Protein chains: 2
Amino acid sequence: MKIGELAQVAQCTVETVRYYEKAGLLSPPARTAANYRSYGDAHVDRLRFIRNCRALDMTHAEIHALLGLMDQAAGDCGGINQLLDEHIAHVDMRIAELSQLKQQLSELRQCCQSKQAVDACGILQGLASMETEQRHERHTHLG
Amino acid sequence: MKIGELAQVAQCTVETVRYYEKAGLLSPPARTAANYRSYGDAHVDRLRFIRNCRALDMTHAEIHALLGLMDQAAGDCGGINQLLDEHIAHVDMRIAELSQLKQQLSELRQCCQSKQAVDACGILQGLASMETEQRHERHTHLG
DNA sequence: CTTGACCCTATAGTAGCTTCAGGGTGTGAA
DNA sequence: TTCACACCCTGAAGCTACTATAGGGTCAAG
Ligand SMILES: [Zn+2]
Ligand SMILES: [Zn+2]
Ligand SMILES: [Zn+2]
Ligand SMILES: [Zn+2]
């Protein structure tokens, strides 16, 4: 199976497949005489797994760790469960941050109810007078 | 006022200030004989405004547009109000996406309640069998 | 006259791709 | 046979909003 076909069954682009190989997420496949990449079923499974993880907004580092844990068939799955818990925490934290942001933005939006002169716009005044505060360190890889 | 002082009152780093200048958000200031940047009160206001917008997770493009609208003192503030509404929509959409993601992740987490053999882990099975779907185009700049 | 805090420019790195430039390969039609 | 066209290859650059580093200049105090 050539790269175009693999990309199609995994619903991603050819470039993305090549990128995952370079990034170390997908192992380099065999090559044909013409130097074309030649994939098998194991690659299909792996790539779909990776795409599913990405659809859940995991980072490459998280996916890499997951693949490593997966390949140690000897151990138990405690590490896997933990990794997922941590990622769920990332999502939770980002939701909380964005909810607070939305609150701030809604309050700001209240400051101007109708079209008026730019100089009088409460939104601009609000943006000018907000307390500038050091940006918090991020606790999550999500935005 | 030199760049270090400006950065301090605006709660950001010197590098960030220089970056904003290169990015076209902050106009280049006068220079001293020693080629040091020399800022005035207008720059302080502008930079604080920018930092406040960034604290609300606006993109540079959004901030750039906002500054442009702001500087057309002749017009009304309809464009400003609209820009803010659109950004609030960005935040709303991202919250909705992340909420759905959390739902999916919680369901996945339910698939494995306790440590067991890796081969039997329901999380891995879930990740392998999810329906790979084309990643939706993003409707928001928020990660 | 040296130390240290500040300033300057230019460049590379971060994440996860996408896009482009400049080529080679393989198949069906004219 | 030769052309067009779809597909494949590599390597490098572009995207966002910074951050960090290298390698230097400026200035006041001791
Ligand atoms: Zn995560
Ligand atoms: Zn207004
Ligand atoms: Zn926005
Ligand atoms: Zn498990």
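Here the structure is a predicted model, which is why all the values come from computation and not from measurement.
- Note: CE (A/Met58) to C1' (C/dG16) measures 16 Å, nearest angstrom.
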Exercise for the section: For nucleotides 3-8 of chain D, just jot down a letter per nucleotide in 5' to 3' order: B, S or -, based on protein non-hydrogen atoms under 4.0 Å. Expected result: -----S
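- Following rounding to the nearest Å, B/Gln8 (CD) and C/dC7 (C1') show an atom-to-atom distance of 15 Å.
- A salt bridge does not link A/Lys2 with A/Glu5: none of the charged nitrogens is closer than 4.0 Å to a carboxylate oxygen.
- Partners of A/Asp76 according to the salt bridge (charged side-chain N to carboxylate O under 4.0 Å, His left out) rule, which considers only residues two or more places apart in sequence or in another chain, do not exist here.
- Nearest heavy-atom pair across A/Gly122 and A/Cys112 is N-CB, 4.0 Å.
- The distance from atom CG of B/Leu47 to atom C1' of D/dC18 is 14 Å, rounded to the nearest whole Å.
- Taking atom CZ of B/Arg54 as the reference point, atom P of D/dT16 lies 12 Å away to the nearest angstrom.
- How far CG of A/Leu127 is from CG of B/Leu84: 7.0 Å, rounded to the nearest 0.5 Å.
- By the ring-ring contact (aromatic ring centres under 6.0 Å, His included) test, A/His141 pairs with A/His87, A/His90, sequence neighbours left out.
- Rounded to whole Å, the distance from CD on B/Glu62 to C1' on D/dT16 is 13 Å.
- Contact check of residues 83-103 of chain B against DNA chain C (heavy atom, cut-off under 4.0 Å) returns no residues at all.
- Residue B/Arg48 comes nearest to B/Val9 through the heavy atom pair NH1-O, 3.7 Å, listed as atom of the first residue, atom of the second, then distance.
- Atom-to-atom, NE2 of B/His64 to P of D/dA17 comes out at 13 Å; the value is rounded to the nearest Å.
- Cluster membership for B/Leu67 and B/Met58, using ILVMFWY side-chain heavy atoms within less than 4.5 angstrom, is shared.
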Write out a two-atom table: protein N or O, nucleotide N or O from nucleotides 10-15 of chain C, distance below 3.5 Å.
none

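- Applying the salt bridge (charged side-chain N to carboxylate O under 4.0 Å, His left out) criterion to A/Glu62, with sequence neighbours excluded, gives no partner residue.
- As a whole-Å value, the separation of A/Glu21 CD from C/dG16 C1' is 16 Å.
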Practice task
Would you please test A/Cys53 and A/Leu66 for side chain to side chain contact (heavy atoms under 4.5 Å, CB included) and show each step?
Solution key: CA-CA 9 Å; A/Cys53 290; A/Leu66 206 47; 3.9 Å; yes
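- Between C/dC17 and A/Thr13, no contact under 4.0 Å exists linking OP1 or OP2 to a side-chain N or O.
- Using a 4.0 Å cutoff on non-hydrogen atoms, no part of residues 24-33 of chain A comes near DNA chain C.
- Listed by chain and residue number, A/Tyr39 satisfy the ring-ring contact (aromatic ring centres under 6.0 Å, His included) test with A/His43 (two or more places apart in sequence, or in another chain).
- Closest approach of B/Leu47 and B/Leu26 over heavy atoms only: N-CD1, 4.1 Å.
- For B/Glu21, the salt bridge (charged side-chain N to carboxylate O under 4.0 Å, His left out) test picks out B/Arg37, with sequence neighbours left out.
- Rounded to whole Å, the distance from CD on B/Glu15 to C1' on D/dA22 is 13 Å.
- Considering only side-chain N and O atoms, A/Arg51 lies under 4.0 angstrom from the phosphate OP1 or OP2 of C/dC17.
- For the helix from C/dC1-D/dG30 to C/dA30-D/dT1, the angle separating the two terminal helix axes comes to 40°, with each axis derived from five pairs and the value rounded to 10°.
- The existence of a salt bridge linking A/Asp57 and B/Arg94 is confirmed by a sub-4.0 Å separation between a basic side-chain nitrogen and an acidic carboxylate oxygen.
- Within the structure, the side-chain hydrogen bond (donor to acceptor under 3.5 Å, both in side chains) test picks out the following pairs touching residues 105-114 of chain B (sequence neighbours left out): A/Asp85-B/Arg109, B/Gln103-B/Glu107, B/Gln110-B/Gln113.
- For the pair B/Thr16 and D/dT19, the criterion of a side-chain N or O lying under 4.0 Å from OP1 or OP2 is met.
- For A/Phe49, the ring-ring contact (aromatic ring centres under 6.0 Å, His included) criterion is met by no residue, not counting sequence neighbours.
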Exercise for the section: Decide side chain to side chain contact (heavy atoms under 4.5 Å, CB included) for A/Leu105 and A/Lys102; before the verdict, give the C-alpha distance in whole Å, the side-chain angles of both, and the deciding distance to 0.1 Å. Expected result: CA-CA 5 Å; A/Leu105 283 164; A/Lys102 184 190 158 62; 5.6 Å; no
